[in-house]
Every structure is written in C-alpha cells, then in structure tokens.
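Notes follow once the structure below has been shown.
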Amino acid sequence: MIIPEFYNTLTHHIAPLKPSRPGPDPQDPLNGAEITLYSCGPTVYDYAHIGNFRSFLFADLLRRYLEIRGAVVRQVMNMTDVGHMTDDQIADGAGRDKLELAVEKMKENKKTGRALVENPNDPFQVADFFIQAFQQDALTLRLQVVMDHHAAPEAEKENIMPRPTRHIGEFISLIRTLISRGHAYVGSDGVVYFDVGSFPDYGALSGNSVDQLAHGAGGRTNEQAAKRHPADFFLWKPDQKHIMRWPSPWGDGYPGWHVECSSMAMSILGESLDIHTGGEDNIFPHHECEIAQSQCATGRPFVHLWMHARHLMVNGEKMSKSKGNFFTIRDLVEKGYDPLVVRYALLAARYRETLNFTLKGLHEAAAAITTLRDLAEKLLLAVAGVDEAAGDGLPSTRTALSQLAQTLDPADLDMLTEFDRALAEDLNISAALAAVFIWAPPLLKQKTIGFPCARSALLALKRVDHVLQVAFPPVLPFDPAKLADIESLLAGRNAARAARDFAQSDAVRRQLLALGVELKDTPAGTTWRRCLAPAVPPA
RNA sequence: GGCCGGAUGCCCGAGUGGACUAAGGGAGCGGAUUGCAAAUCCGCGAUUCGUGGGUUCGAAUCCCACUCCGGCCUCCA
C-alpha cells in the first residue's frame with residue numbers, strides 16, 4: 001500500500017504520514033489507525049465566506065481521504081465565539097473587538113427593522129446566530145465534522161465543535177501553568193504575556209526569528225514598556241469594560257486569541273496531535289503562538305503535521321467587500337448554484353495552490369458533477385433491477401482498498417488505485433479526478449450494464465464519493481411548491497410537440513430552464529431534473 | 001526590507017530529467033442522431049510549457065539571470 005505523503009509547513013518537506021496510533025498492519029499503518037485532527041474553524045462575528053470554506057473543505061477532503069484508507073479520524077473544529085481585535089496594531093489586544101462590531105451591526109439592523117437576534121446587545125446571542133448560520137452552510141456543503149456535530153448527542157457536541165466561551169477555566173489553568181514554568185509573566189500593565197524569549201523555537205513554523213520579528217520592516221510589533229520583548233503576545237487581558245469578560249486571577253477580562261486552540265485541542269485530543277490544519281494566514285502568528293504555548297506547557301511536541309491551505313482569489317483579485325467580489329455560500333445559492341457545485345469548485349483545485357474562484361468555474365463544476373450523477377443514477381437503477389438490497393449490502397466506503405481487490409472489476413480497481421495514489425501525493429485532487437473521468441465515460445456509454453458490473457462500479461463510485469460528496473443521491477430534491485407549475489408547463493410543451501409546434505415547445509423549455517429545470521426528451525417520453533447551476537452562464 | 005509560493009492550450013488545471021506525439025474538466029469547432037431542438041455519441045485542437053542563457057545524449061521538469069503575479073511579516077480561512 002502506498003503510504004500518503006503530505007507537505008508539512010513546519011519542516012518545509014513532504015513526508016510520509018506516521019500515525020501516532022497506527023493500525024495493525026505495518027505495510028499499511030493507516031488502515032485501522034486512529035488519527036487526531038484539529039482544524040481551525042471560523043470566527044463567528046459574520047457569515048463565513050467561500051474563502052473560509054475553502055480551508056474547511058480542504059480539511060474535509062483530507063479527513064475523508066484518510067477515512068477511505070481505513071483510518072478513524074477524530075476531528076475537532078473550533079467555533080471562535082470570543083471576539084478578536086480589529087485594530088490590533090500591536091500584539092497587546094488594543095482596538096475594537098470584532099464581536100463588539102458585530103453587535104453594533106446587529107443594533108443597526110434592529111433599527112432598520114431587520115432584527116436577526118432577540119437582543120442585539122448580547123454578544124452571546126450574536127455569536128449563536130452566526131454559529132447557526134455557519135452550521136447550516138457547512139451542512140449543505142457536507143463538511144463531515146459539522147455533520148458529526150449535528151448528529152451527536154448534546155453531551156458530545158462540545159468535543160467536536162468546541163466554543164471557547166465554554167472553556168475559559170481551562171484557558172486560565174493553561175496560563176497558570178505557563179506562568180509557573182517561567183514562560184509567561186504579568187506585565188506592568190497587568191496583562192499576562194507569553195515570553196517568546198523563553199521558547200527558542202518561536203518562529204520555526206513561519207520562518208521568522210524572534211530577532212526579525214522585533215526589527216522587521218513591515219512588522220507591526222513595537223516597543224512597549226510593559227513587555228519584555230516586542231513579540232510577546234498577550235494570554236489574558238484584564239478589562240473591566242470589555243463586552244465579554246470573565247473572572248480570573250489577573251482580574252476580570254478575556255483570553256488571548258491563540259490560547260483557545262492550544263487549550264481546546266489538547267484537552268479534547270491530547271497533548272500531541274497528528275495533524276493540525278488551517279488557512280495560510282494562520283501560520284503566523286496564530287499557529288506559531290499555539291506551538292509556543294502548548295509545548296511550553298507540556299514539554300511535548302504539540303503537532304506532528306501542520307497543513308495549511310492557500311487562500312483563494314475571486315476573479316483574479318483578493319476577495320474583499322469593497323471590490324464586490326465577496327461571496328458567501330448563501331449568496332451563491334441565491335444566484336441558483338447548488339451548494340454541492342460550490343463544494344466541488346472549492347475542492348477540485350489543489351490545496352497548496354492559490355485557487356481563482358469564478359462563476360464560470362462554478363459552471364464547470366456543475367458540468368463535471370452532472371457526469372458523476374448520471375453515472376450514479378444509472379448504476380443504482382441497474383442494481384435495483386436485480387436486488388433491492390444490493391446497494392445497501394456493499395462493503396463500507398471506509399474499507400481499505402487492499403480489502404476490496406477481490407470484490408471489484410479490474411477497471412474499477414484500477415481507477416480506485418489511481419484515485420488513492422493521487423491523493424496520497426499530498427492530496428493531488430486534480431490527478432485523482434482525472435482517474436475518475438477516464439473511468440466514468442465508458443460506463444455511461446454502455447447501453448445496458450449487467451448486475452455484477454454495476455455492483456462493482458457502484459461500490460467504486462461510492463468510495464470515490466465518500467471523499468467528493470457530490471454524486472449521491474443522484475436526484476436532488478426539488479421545491480414542492482414549484483412542482484405544479486412545472487407539471488403544467490410540461491403538459492403544455494408535450495401538447496405543442498404533439499402538434500409539431502417546435503417554436504412553442506422550445507419557448508417552454510427556456511421557461512423551465514429559468515425555473516431551474518432541465519429537460520431530456522427520450523423515446524420513452526420527456527424526463528426532467530433540477531439544474532445544478534443557473535441557466536445563463538456568466539459572461 | 002525579510003521569508004514563502006507561482007507563471008503550462010481560449011479558460012481551469014495535472015505533469016518536477018527519457019513511455020510528453022503534455023492527463024483531466026470546461027468552452028469552441030466539424031460530423032452522427034434528432035424536430036434544421038435539447039440531451040447523447042464520434043472526431044479536432046499546445047511541435048510547445050513567462051523571457052534569455054546554461055547543464056545534459058536528452059529539459060515543461062535541473063542551474064543562473066530577468067520579467068510579471070500572489071501570500072505572510074501580530075485582524076484574517
């Protein structure tokens with residue numbers, strides 16, 4: 001078996017993944033391994049945008065790939081409900097809090113009659129609102145960790161998607177430990193700072209050195225009397241007036257924004273994690289500081305493999321609200337794109353390349369997904385004709401490929417082998433998809449497909465789709481409210497066709513297309529299905 | 001200023017020394033089929049990989065220089 005290799009931001013090298021709890025087979029340690037994975041999640045003072053979701057989907061791709069290789073992945077994704085500073089010119093947490101700004105916005109909304117929460121003065125309600133919105137979006141994109149959280153019993157939820165505001169006590173004890181071990185101190189301003197000088201490896205992840213950080217031309221550190229070193233960052237800031245504050249040995253205040261991930265990751269997953277993911281902007285300072293805090297507190301390596309997704313651009317430019325190229329998932333759904341089209345578009349480019357997101361790209365994604373859905377539909381039909389239970393009786397999609405070799409037709413096994421191999425090369429999704437799109441057309445072209453073949457191909461496609469999550473179910477549900485309109489338009493079109501009034505027939509087709517319905521005329525009659533993308537492609 | 005990535009056909013995007021006559025997707029074009037339709041099927045498309053040098057029997061792939069683009073350097077996925 002090929003052992004997957006991934007690029008480690010910390011070492012700057014691609015290296016084989018070595019699970020800390022491998023499976024029983026030394027040749028295939030991933031099969032049966034337990035892997036701990038911590039993914040930096042969203043801050044919840046606004047709707048998450050497609051850039052956020054690219055990074056979360058990259059983690060989802062990684063996780064789902066490890067799963068089809070037979071690993072059990074324990075993934076945690078935090079929901080940052082403590083605000084962070086917006087004007088953080090210096091590393092001490094000055095400036096206005098993002099949640100505070102969100103609260104302001106909510107109040108504005110209330111004035112204009114668009115109240116989103118009951119009490120817009122309550123930062124907890126505001127955070128709750130955006131957490132709900134994030135989870136709704138994430139579920140439509142089929143992020144496994146959020147699906148797990150959704151399905152989990154109440155007592156387990158906090159171990160899947162923890163919220164910092166519910167772990168303040170743990171943060172305080174972590175900070176205490178750091179102070180007692182000489183890695184943190186209370187400055188003359190009463191703020192608790194981490195002492196970067198006490199951790200020689202500070203800067204290893206980002207390629208900085210403590211010295212450079214102090215003198216970097218673009219660096220935003222500056223000398224402050226209260227701190228020992230300009231790069232020292234705060235762990236606890238006492239602030240009697242802050243919008244969110246908790247009691248602590250250093251006075252009422254709030255925790256530093258790096259503490260939450262260190263603390264929650266270690267308390268839920270253990271002191272040493274297999275993998276930690278995030279967006280590239282997290283490398284410095286966030287993950288650098290996490291390493292410092294965690295390793296100074298435990299004396300053990302914090303994370304074996306650091307993986308970071310590159311940012312995405314929109315229409316060749318950095319995404320920003322002022323440029324009007326800022327998209328949320330709900331924006332795109334509003335335009336008529338299926339969320340799974342968005343999933344595919346954000347997933348289909350390699351995570352270490354900058355992705356240029358365009359609406360044209362969404363249409364390309366829709367076309368690609370349609371091929372897979374057509375195949376899924378055909379295979380399910382072929383199997384259902386022989387044995388109703390066959391679709392459910394397949395081996396799990398999480399079965400290592402070596403255990404499926406006997407079950408599969410050679411062409412299907414070849415495709416899956418190539419799919420696995422490509423993803424094993426630092427998640428080369430493009431090459432993996434190429435294998436799928438070489439494999440699928442011959443199956444689609446076969447006029448009929450026998451049961452054993454269909455069953456094997458179905459198993460193969462389901463395994464691929466365990467990772468991709470775009471092909472099943474092949475027919476998407478449709479807004480029932482529109483159903484009557486569609487039926488009557490369809491009847492009218494059939495009448496026009498019977499009368500050979502093709503101009504009228506085509507006019508109705510265009511009407512249906514505008515409603516998000518595409519038609520297929522077959523000898524057996526006309527069938528229709530929901531479109532995955534709006535009818536008119538962008539210019 | 002420091003550090004890090006990138007430039008492949010009309011677009012997106014694999015390929016990191018010989019099986020590259022450069023994967024795959026999208027758009028386009030020609031044909032079959034059809035209702036001079038949609039869907040589907042068949043076929044076509046980079047003598048070339050940002051520019052200029054070099055190494056090599058051999059370079060998209062290695063080295064040097066240059067041009068351009070992007071990211072980070074304490075808000076950020």
Side-chain angles (χ1 to χ4, degrees), chain A residues 9 12 39-43 45 48-59 83-93 95-98 101 203 206-209 212-213 215-222 230-234 256-258 277-286 288-289 308-313 316-319 344-345 348-350 352-358 360-361 363-369 371 374 418 422 425 428-438 441 444-445 497 500-503 505-506 509-510 513 518-523 526-527 537:
Chain A
T9 309
H12 298 268
S39 303
C40 274
T43 42
Y45 47 76
H49 54 70
I50 52 172
N52 301 122
F53 277 111
R54 184 206 191 181
S55 143
F56 307 145
L57 281 165
F58 138 68
H84 293 318
M85 301 304 111
T86 50
D87 302 317
D88 199 4
Q89 293 297 329
I90 40 182
D92 68 350
R96 292 196 67 193
D97 187 283
K98 286 196 168 173
L101 287 178
S206 57
N208 286 312
S209 70
Q212 279 171 349
L213 288 168
H215 304 294
R220 291 194 242 164
T221 55
N222 68 1
D232 288 355
F233 54 93
F234 87 99
W257 77 283
H258 313 300
T277 66
E280 59 175 328
D281 56 288
N282 281 153
I283 296 170
F284 191 90
H286 187 50
E288 196 76 76
C289 295
H308 294 96
R310 272 201 196 298
H311 280 177
L312 66 70
M313 315 255 283
E317 291 184 302
K318 192 171 176 175
M319 181 168 54
Y344 187 94
R350 257 182 124 161
R352 282 205 297 132
E353 303 286 339
T354 307
L355 168 69
N356 185 24
F357 182 90
T358 59
K360 188 165 171 281
H363 284 267
E364 294 177 11
I369 290 180
T371 301
D374 287 347
E418 176 58 18
E425 283 178 2
N428 187 344
I429 185 69
S430 303
L433 289 171
V436 176
F437 283 103
I438 289 168
L444 276 165
K445 282 171 209 162
R497 289 187 76 211
R500 302 190 67 77
D501 181 355
F502 295 119
S505 157
D506 291 346
R509 195 210 340 265
R510 282 191 294 274
L513 213 50
E518 62 185 343
L519 302 179
K520 192 154 83 170
D521 294 326
T522 73
T526 302
T527 62

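First the proteins, then the strands, lettered A, B, ... as listed; each starts at 1.
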Tell me the closest heavy-atom pair linking A/S55 and A/A309, and the distance in Å.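 Heavy atoms only, the tightest pair is CA-CB, 4.2 Å.
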Please pick, from [options], the nucleotide with the shortest atom-to-atom distance to any side-chain atom of [X].
{"X": "A/I438", "options": "B/rC11, B/rC75, B/rG24", "value": "B/rG24"}
{"X": "A/M313", "options": "B/rG13, B/rG70, B/rA77", "value": "B/rG70"}
{"X": "A/N52", "options": "B/rC75, B/rA77, B/rG13", "value": "B/rA77"}
{"X": "A/K360", "options": "B/rG26, B/rA14, B/rG24", "value": "B/rG26"}
{"X": "A/A434", "options": "B/rC11, B/rG13, B/rG24", "value": "B/rG24"}

Please give, in whole Å, the distance from [N] [atom2] to [X] [atom1]?
{"X": "A/E418", "N": "B/rA14", "atom1": "CD", "atom2": "P", "answer": "15 Å"}
{"X": "A/M319", "N": "B/rG70", "atom1": "CE", "atom2": "P", "answer": "16 Å"}
{"X": "A/E364", "N": "B/rG28", "atom1": "CD", "atom2": "P", "answer": "11 Å"}
{"X": "A/E353", "N": "B/rC4", "atom1": "CD", "atom2": "P", "answer": "17 Å"}
{"X": "A/E280", "N": "B/rC72", "atom1": "CD", "atom2": "P", "answer": "6 Å"}
{"X": "A/L355", "N": "B/rG5", "atom1": "CG", "atom2": "C1'", "answer": "15 Å"}
{"X": "A/K318", "N": "B/rG70", "atom1": "NZ", "atom2": "C1'", "answer": "10 Å"}
{"X": "A/I283", "N": "B/rA77", "atom1": "CD1", "atom2": "P", "answer": "14 Å"}

Find which nucleotide of RNA chain B each of A/I50 and A/H258 is nearest to by heavy atoms, and output the residue with the more 5' nucleotide. A/H258
Steps toward side chain to side chain contact (heavy atoms under 4.5 Å, CB included) verdict (A/R54, A/L57): CA-CA 5 Å; A/R54 184 206 191 181; A/L57 281 165; 5.8 Å; no
Take atom [atom1] in [N] and the same atom in [M], then report the distance between them in whole Å.
{"N": "B/rG15", "M": "B/rC49", "atom1": "C1'", "value": "10 Å"}
{"N": "B/rA22", "M": "B/rA38", "atom1": "P", "value": "32 Å"}
{"N": "B/rG17", "M": "B/rC11", "atom1": "C1'", "value": "30 Å"}
{"N": "B/rA46", "M": "B/rG53", "atom1": "C1'", "value": "24 Å"}
{"N": "B/rU47", "M": "B/rA23", "atom1": "P", "value": "13 Å"}

Select base, sugar-phosphate, or nothing to describe what [X] touches, counting heavy atoms under 4.0 Å on all strands.
{"X": "A/G278", "value": "sugar-phosphate"}
{"X": "A/L444", "value": "nothing"}
{"X": "A/A309", "value": "nothing"}
{"X": "A/H12", "value": "nothing"}

For nucleotides 34-40 of chain B, give me one character per nucleotide, 5' to 3': B if any protein heavy atom sits under 4.0 Å from the base, S if the only such contacts are to the sugar-phosphate, - if neither. -B-BBS-
So which protein N/O to nucleotides 15-18 of chain B N/O distances come out below 3.5 Å?
| residue | atom | partner | partner atom | Å |
| --- | --- | --- | --- | --- |
| B/rG15 | OP1 | A/R350 | NH1 | 3.1 |
| B/rG15 | OP1 | A/N428 | ND2 | 2.9 |

A side-chain contact here means heavy atoms from C-beta on lying under 4.5 Å apart; do A/P42 and A/F56 qualify?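 A/P42 vs A/F56: side chains touch.
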Please check: side-chain N/O of [X] versus main-chain N/O of [Y], any donor-acceptor pairing under 3.5 Å?
{"X": "A/N428", "Y": "A/E425", "value": "no"}
{"X": "A/E353", "Y": "A/R310", "value": "no"}
{"X": "A/E288", "Y": "A/G203", "value": "yes"}

Pairs counted as Watson-Crick or G-U wobble with both distances under 3.5 Å: what dot-bracket string results for RNA chain B, using | for bases tied to another strand? ((((((((.[[[..)..(.....]]].(((((.......))))).....[[[[[..)....]]]]])))))))....
For B/rA77, does either OP1 or OP2 sit under 4.0 Å from a side-chain N or O belonging to A/T43? yes
Is the A/H286 ring parallel, tilted or perpendicular to the A/H258 ring (thresholds 30°, 60°)?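 It falls in the tilted class, 30° to 60°.
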Nearest-0.5 Å distance that lies between atom [atom1] in [X] and atom [atom2] in [Y]:
{"X": "A/M313", "Y": "A/T358", "atom1": "CE", "atom2": "OG1", "answer": "12.0 Å"}
{"X": "A/D281", "Y": "A/H311", "atom1": "CG", "atom2": "NE2", "answer": "3.5 Å"}
{"X": "A/T9", "Y": "A/E280", "atom1": "OG1", "atom2": "CD", "answer": "10.0 Å"}

Using side chain to side chain contact (heavy atoms under 4.5 Å, CB included), reason through A/V436 and A/E418 one step at a time and then give a plain yes or no. CA-CA 9 Å; A/V436 176; A/E418 176 58 18; over 6 Å; no
Between A/I50 and A/L312, is the side chain to side chain contact (heavy atoms under 4.5 Å, CB included) condition met? List the steps. CA-CA 8 Å; A/I50 52 172; A/L312 66 70; 4.3 Å; yes
Worked check of side chain to side chain contact (heavy atoms under 4.5 Å, CB included) between A/Y344 and A/L433: CA-CA 11 Å; A/Y344 187 94; A/L433 289 171; 3.5 Å; yes
